[in-house]
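A short write-up of the structure that comes next.
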There are 2 protein chains.
Amino acid sequence: MSPRKEAARPGGAEERPVSLWERVARPAPAARVALTPERIAVAAVAVADAEGLDAITMRRLAAELGVAPMAAYRYVSGKSELLDLMVDLVHGELELPEVELGWREALRLLALRNRELLLDHPWLVRIAGGEGALALTPNRLAITERGLAVLDGLGLDADTALAITRSVATYARGMAGNEILLRELMAEQNWGSGEELRSGLAPQMTYLMSTGRYPLYNRSLLTQRRKDDALWQFELGLELLLDGVAARLAGAGFQDG
Amino acid sequence: MSPRKEAARPGGAEERPVSLWERVARPAPAARVALTPERIAVAAVAVADAEGLDAITMRRLAAELGVAPMAAYRYVSGKSELLDLMVDLVHGELELPEVELGWREALRLLALRNRELLLDHPWLVRIAGGEGALALTPNRLAITERGLAVLDGLGLDADTALAITRSVATYARGMAGNEILLRELMAEQNWGSGEELRSGLAPQMTYLMSTGRYPLYNRSLLTQRRKDDALWQFELGLELLLDGVAARLAGAGFQDG
DNA sequence: CGATGGCGTGTACGTCGTATCGATCGAGAT
DNA sequence: ATCTCGATCGATACGACGTACACGCCATCG
């Protein structure tokens with residue numbers, strides 16, 4: 001689907017492909033090189049934060065780095081690896097909750113901070129492909145690792161602990177993604193969160209509602225009071241999930257605070 | 001972010017923008033026109049199913065329809081509306097569970113069928129933007145509507161019912177997305193699900209594991225027995241969520257089978 | 001001091017989305 | 001029966017993108 005080739009790299013002529021992260025970990029061979037994977041990733045994240053993912057162009061990025069369009073290709077095999085680098089970089093910002101907080105609070109914080117990370121870097125939602133959405137970057141793995149640490153010693157088998165961690169993280173990313181897309185959709189049509197929002201998702205929604213196919217949904221839009229409170233919605237589902245975990249733990253014959 | 005303009009369309013020269021879905025609902029003005037939104041969407045879905053989302057090109061699509069590259073633009077304002085059409089079309093395939101099954105079983109089926117839909121049309125994962133990921137297409141709204149119907153009359157307020165429905169749907173899409181991306185990643189490096197899989201996520205994983213930063217994760221990979229059983233993982237998290245809902249319903253003073 | 005090899009440059013190709021304008025043809029009015 | 005008009009589709013073209021490729025530069029090491 002999306003071909004991955006290896007970037008040229010320092011160190012000689014092996015034949016085995018070396019993963020991006022191994023290449024990244026290699027120290028800069030000289031202090032005077034203009035580019036490093038870090039510099040590239042930092043610049044790219046800055047652009048994406050400021051102008052969205054569409055602004056991320058190999059040419060634009062090169063301009064930002066004061067360098068020729070093709071220069072970055074020595075450190076990155078292509079745009080998808082660049083995106084991987086960006087994803088990993090921002091996940092380094094996430095502060096991992098202490099295990100001592102107990103599994104529930106720690107998992108809760110993990111989810112909430114995941115949400116905040118997405119909101120701080122909305123372009124993350126648009127990166128669905130590759131290793132970006134899985135956990136296969138160092139800093140994302142560290143987050144999963146902490147999730148497992150938090151559940152360690154509670155009597156869960158490996159499969160269950162991992163599935164719980166993934167469920168919570170997936171829920172958090174999914175809900176935060178919804179929130180971001182809604183927000184962008186609103187900005188795109190420049191509504192404030194004022195009257196139009198309160199009257200449903202006008203205007204594209206109004207037609208669909210007028211068809212009468214969605215009476216309950218329509219009633220919800222009119223009835224609900226916390227419509228614009230995305231955090232409330234986020235936390236509600238999160239608590240459902242954590243309640244389920246708590247029940248599972250109790251069933252396993254353990255409890256915890 | 002992604003500009004939306006209105007496609008030219010039959011019927012004269014109004015000035016108010018008309019939503020895609022309203023335009024779609026308009027009957028074909030003549031029986032002899034070559035193109036309709038439906039024909040376009042069907043062809044596009046066929047291509048995407050067979051060759052992935054990257055194969056979807058306005059030119060390719062036109063060729064598939066036996067028509068000039070720009071022809072589809074009379075029915076669709078741009079590629080993003082085409083994607084909206086595709087998203088909506090495939091969601092029409094999802095069979096809605098009967099309300100009589102009871103909220104838990106119905107919600108469970110909704111989640112499982114959502115998952116199957118994604119697996120049948122893996123390109124859905126790659127469409128993050130626009131109304132695609134929110135529920136703002138007719139067939140997706142119908143799914144949400146059924147979710148609300150299933151929870152109706154159980155004493156939940158509008159906000160809670162909607163949040164629950166969305167939580168379940170978001171969880172389902174997120175987990176199915178993980179599954180698809182993992183599957184694609186595996187195909188990309190042509191492992192079977194054989195030895196490499198069983199030994200972790202080799203080869204790009206092996207380097208990261210060898211750093212020793214992820215002892216628990218590493219142990220999980222070695223210990224777990226249902227690693228490749230994505231459905232099991234899916235259902236585990238789903239049950240957690242539904243357990244949480246059940247607790248909330250019990251707290252609201254209701255029960256149900 | 002000469003050679004080596006990594007680093008960044010310059011140029012160019014193929015493909016994409018889509019703006020614009022012109023040709024065509026069926027239906028409704030006369 | 002003819003005219004006319006607008007809906008429909010075709011042809012051409014433009015700018016931007018990702019990236020392949022081959023070349024100059026320069027620090028380093030023998």
If you find the nucleotide of DNA chain D closest to A:Met70 and the one closest to A:Arg60, which residue's nucleotide is nearer the 5' end? A:Arg60

Kindly point out which of C:dT20, D:dT8, D:dT19 is positioned nearest to the side chain of A:Tyr73? D:dT19

Sequence neighbours left out, what passes salt bridge (charged side-chain N to carboxylate O under 4.0 Å, His left out) with A:Arg60? Give chain and number order. A:Glu51, A:Glu64

Gap between atoms CD and C1', on B:Glu81 and C:dG17 respectively (whole Å): 14 Å

Round to a whole Å and report the spacing from CZ of A:Arg74 to C1' of C:dG5. 10 Å

Between A:Arg39 and A:Ala34 the two heavy atoms that sit nearest each other are NE-O, 2.7 Å

Side chain proximity check, B:Arg23 to B:Pro37, heavy atoms < 4.5 angstrom: no

Taking B:Asn114's backbone N and O only, do any of them form a donor-acceptor pair with B:Arg173's side chain (distance below 3.5 Å, no angle check)? no

In this structure, how many angstroms lie between the P atom of D:dA7 and the OH atom of B:Tyr75, rounded? 11 Å

Interatomic distance, B:Leu185 atom CG to A:Leu136 atom CG [nearest 0.5 angstrom]: 6.0 Å

Report the distance from atom CG of A:Leu82 to atom P of D:dC17, rounded to the nearest whole Å. 14 Å

For nucleotides 14-16 of chain C, tabulate all protein N/O to nucleotide N/O atom pairs closer than 3.5 Å, reporting atom names and distance.
{"unit_1": "C:dC16", "atom_1": "OP1", "unit_2": "B:Thr57", "atom_2": "OG1", "d": "3.4"}

Atom of B:Val168, atom of B:Ala111 and distance for their closest heavy-atom approach: CG1-CB, 4.0 Å

